[in-house]
Chemist: 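My structure is below; once you've seen it, I'll send some questions.
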Number of protein chains: 2
Amino acid sequence: MSATINDVARVAGVSPSTVSRALSGGPVNAATRDLVRRTAETLGYQPNRAARELITGRTGALGLLVPDLGNPYFTEVIKGASSRSRTSSYPIFVSDTDEHVAREHETIASLRHNTDGLILCSPRGTDEELLALAQTGPTVMVSRHVPGVPSVMGDAAAGIEQALQHLGALGHRKVAYINGPAGSYSEGRRSAGLAAAQALGIEVVEVPAAAPTFDAGVLAADLVLTTGATAIIAFNDLIAIGVLNRLTSRGIRVPEDMSLVGHDDIPMASMCTPNLTTIAVQKERLGFTATDLLLRLLDQRAARSSATEPDDTCLQLPSMLVVRGSTGVAPSTPPRS
Amino acid sequence: MSATINDVARVAGVSPSTVSRALSGGPVNAATRDLVRRTAETLGYQPNRAARELITGRTGALGLLVPDLGNPYFTEVIKGASSRSRTSSYPIFVSDTDEHVAREHETIASLRHNTDGLILCSPRGTDEELLALAQTGPTVMVSRHVPGVPSVMGDAAAGIEQALQHLGALGHRKVAYINGPAGSYSEGRRSAGLAAAQALGIEVVEVPAAAPTFDAGVLAADLVLTTGATAIIAFNDLIAIGVLNRLTSRGIRVPEDMSLVGHDDIPMASMCTPNLTTIAVQKERLGFTATDLLLRLLDQRAARSSATEPDDTCLQLPSMLVVRGSTGVAPSTPPRS
DNA sequence: AAAACCATTGCAACTATTTGCAAAACAGGT
DNA sequence: ACCTGTTTTGCAAATAGTTGCAATGGTTTT
């Protein structure tokens, strides 16, 4: 089939070990290195991954776990991760857990075998579970922080604060916040941003949503209408769009009767009518940065043999409110439930 | 770290080769096979992928290439493929080509090294290019057929026919068809379904779209309005939703002034207002079936040594028109351009 | 001139598994 | 007891790369 290291060695007139060292930066005479590089090139030599993995114990691949591929938020994160991994010769395994905690465990176990490191995006499960899972191998988390596990996240609290300021400026005094799934960490972070409400003279009512989906939003819309709020901040855009649909079909106009703010700025947010005001997160950058962090982590491991000091890196990427058509001045009276 | 075949052999008191045969169905005494199986179980033995790959030349993984992860159509296909591969111990590598033909070539080349077989979803490029790429290893295509390459596709022609019948029954006599990207095969198949128009007394005007995206749809909407058509069939739902947005913002009501039919039935189709009438394709099933076909192909290869007879399997999954809110009786006069 | 040192290179062992070939074990028939 | 034939088993080679150790050869130092 394809050329092996021995073929290159024979043609170049050196030993296989010299070829190995020449191509991987070992101590080799500059002249022979050039010779080896050239012959490898002309022979179209590609090192055999399996052989390398067998001897080094490293697979040269990464794994990325997302709760739901159907959620555009995660596909953006994936794109960012791919674009980083593309420049590093580390292929990336993507897997979908269908929002099941059990599936999450299985998939992590199976991915560990095929990868050198894992990126867990918005994982479910308790801190303890996740810490245990993270300790089975190099791990970086996205949109969730567990002490002892390096992570990358959007600054949800700041985003929420901006949204509250925006709504306050428009005269809203009672805002409903539609929560994400319990056990999702970003849920916690986002709720934390709500602390700013008091200072702004805004009352916040929390309303639960069963899942970060359109359907859950449809459901939540009716609940919100019983609260007397004149504006809504939703856990994510999918929920917000569900809310929007339900409000529209109940004859409640957005933004005249009710203002609506989403979170994440997925493409769909600028495709619905009215366009959704939303807290934009740098999704691609999130994936890119997480991959970068993981690769750096792997480099460290390769250098120092077993540096298992707990890494508490937690990078925060800024979020920004994008004002579009779904927010407006507060109505004099809240829409009747 | 984890137990090797030698550990199992030692504990069971047999040779490594016997363990190998016992676990992979070779000729072994039933009693020893049981013994080996049990000890492997208790030791938690997992065969080392790299070592196996090195000797057999098979990686035990599949690759799946899609033009754009951001397109919900493809994520559904991926879900189907994953659910099939999950039951087969073949992990699956997903990659995104960003709709670039060049990226497609690169990615295929790199995936070939890491996988035993590839699934190409809606690949771009000419028939000749794709045939050449397919011949570098086991390949199955989705939503595109090239003679000599096995494939799985939705029955686009039948779907378009149903849509035309539906529109005809509503009194439409002039229908605009918004094409997909040139060089996309499904574009050709879908156009073929338009042949039914004549028999139904419907005139079809074709309008090009630069890409299968929302933005391309926004663009195309204005072009359609110059044709005098009273109904639109779009290459896919993303384009349709782009059209819908543009029409709405130009004050043209859907479906009162203009009927609109999409294609694929992505989740977004039932999230926009009005809900989109669309030709539903069994996306998950497409991915599932393609993976199944590829796995069968690999089994065949494993059995007969080098059976390179060209395989022309082309499975067709039925499509069905889902009537929602975006189609209605034809207006007496077309909306003015 | 011998000794010491340095960079460079090759040898050989090692990784975990599969598999062709030959040996061993065992059964049945003579 | 011996031969034959079949099943079962083990040995050893092979896969393609990496890496510790030793050897080589040239240069510098004493």
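Protein chains get the first letters and strands the later ones, always in sequence-line order, with residue 1 at the start of each. No experiment lies behind these values; they were computed from the predicted model shown.
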Chemist: Heavy atoms under 4.0 Å, any strand shown: does A:V19 hit a base, just sugar-phosphate, or nothing?
Modeler: nothing
Chemist: Is A:S20 close enough to D:dT18 that one of its side-chain N or O atoms is under 4.0 Å from OP1 or OP2 there?
Modeler: yes
Chemist: Tell me whether B:Q135 contacts the main-chain N or O of B:A132 through its side chain, where contact means a donor paired with an acceptor under 3.5 Å.
Modeler: no
Chemist: Whole angstrom is fine here: how far is it from CZ in B:R10 over to P in C:dA16?
Modeler: 12 Å
Chemist: Set out, in order, the CA-CA distance, both residues' side-chain angles and the distance that settles salt bridge (charged side-chain N to carboxylate O under 4.0 Å, His left out) for A:R144 and A:D127, then state yes or no.
Modeler: CA-CA 10 Å; A:R144 167 117 188 208; A:D127 278 18; 2.9 Å; yes
Chemist: If I take atom CG from residue B:L54 and atom CG from residue B:N48, how far apart are they, to the nearest 0.5 angstrom?
Modeler: 9.5 Å
Chemist: Does the side chain of A:D96 come under 3.5 Å of the side chain of B:S82 through a donor N or O and an acceptor N or O?
Modeler: no
Chemist: Rounded to whole angstrom units, what separation is found between the CZ atom of B:R52 and the C1' atom of C:dT19?
Modeler: 13 Å
Chemist: In whole angstrom, what separates A:N29's CG from D:dT24's P?
Modeler: 19 Å
Chemist: Please work out if A:P47 contacts a base, only the sugar-phosphate, or nothing of the nucleic acid, heavy-atom cut-off 4.0 Å.
Modeler: sugar-phosphate
Chemist: Over how many whole Å does the gap from B:L23 atom CG to C:dT18 atom P extend?
Modeler: 8 Å
Chemist: Could you tell me how far apart B:L35 (CG) and D:dT8 (P) are, to the nearest whole angstrom?
Modeler: 15 Å
Chemist: Using a cut-off of 4.0 Å on non-hydrogen atoms, how would the nucleic acid contact of B:S24 be classed: base, sugar-phosphate, or nothing?
Modeler: nothing
Chemist: Identify the two heavy atoms, one from B:P123 and one from B:V142, that lie closest to each other, and give their separation to 0.1 Å.
Modeler: CD-O, 4.2 Å
Chemist: Answer yes or no: does a side-chain N or O of A:Y45 lie under 4.0 Å from OP1 or OP2 of D:dA16?
Modeler: no
Chemist: Take atom CD of B:E53 and atom C1' of D:dA14, then tell me their distance rounded to the nearest Å.
Modeler: 16 Å
Chemist: Roughly how many Å is it from CD in A:Q46 to P in D:dT15, rounded to a whole number?
Modeler: 20 Å
Chemist: Between the protein and nucleotides 11-15 of chain C, list every N/O to N/O distance that falls short of 3.5 Å.
Modeler:
unit_1 : atom_1 : unit_2 : atom_2 : d
C:dC11 : N4     : A:S17  : OG     : 3.1

Chemist: State, yes or no, whether a side-chain contact exists between B:D68 and A:K79 at a heavy-atom distance under 4.5 Å.
Modeler: yes
Chemist: Both B:T18 and A:N6 contact DNA chain D. Taking the nearest nucleotide for each, which residue is further toward the 5' end?
Modeler: B:T18
Chemist: Can you measure from OG1 (A:T4) to CD (A:Q46) and round to the nearest 0.5 angstrom?
Modeler: 13.0 Å
Chemist: Would you mind reading off the distance between A:L43 atom CG and D:dG17 atom C1', rounded to a whole angstrom?
Modeler: 16 Å
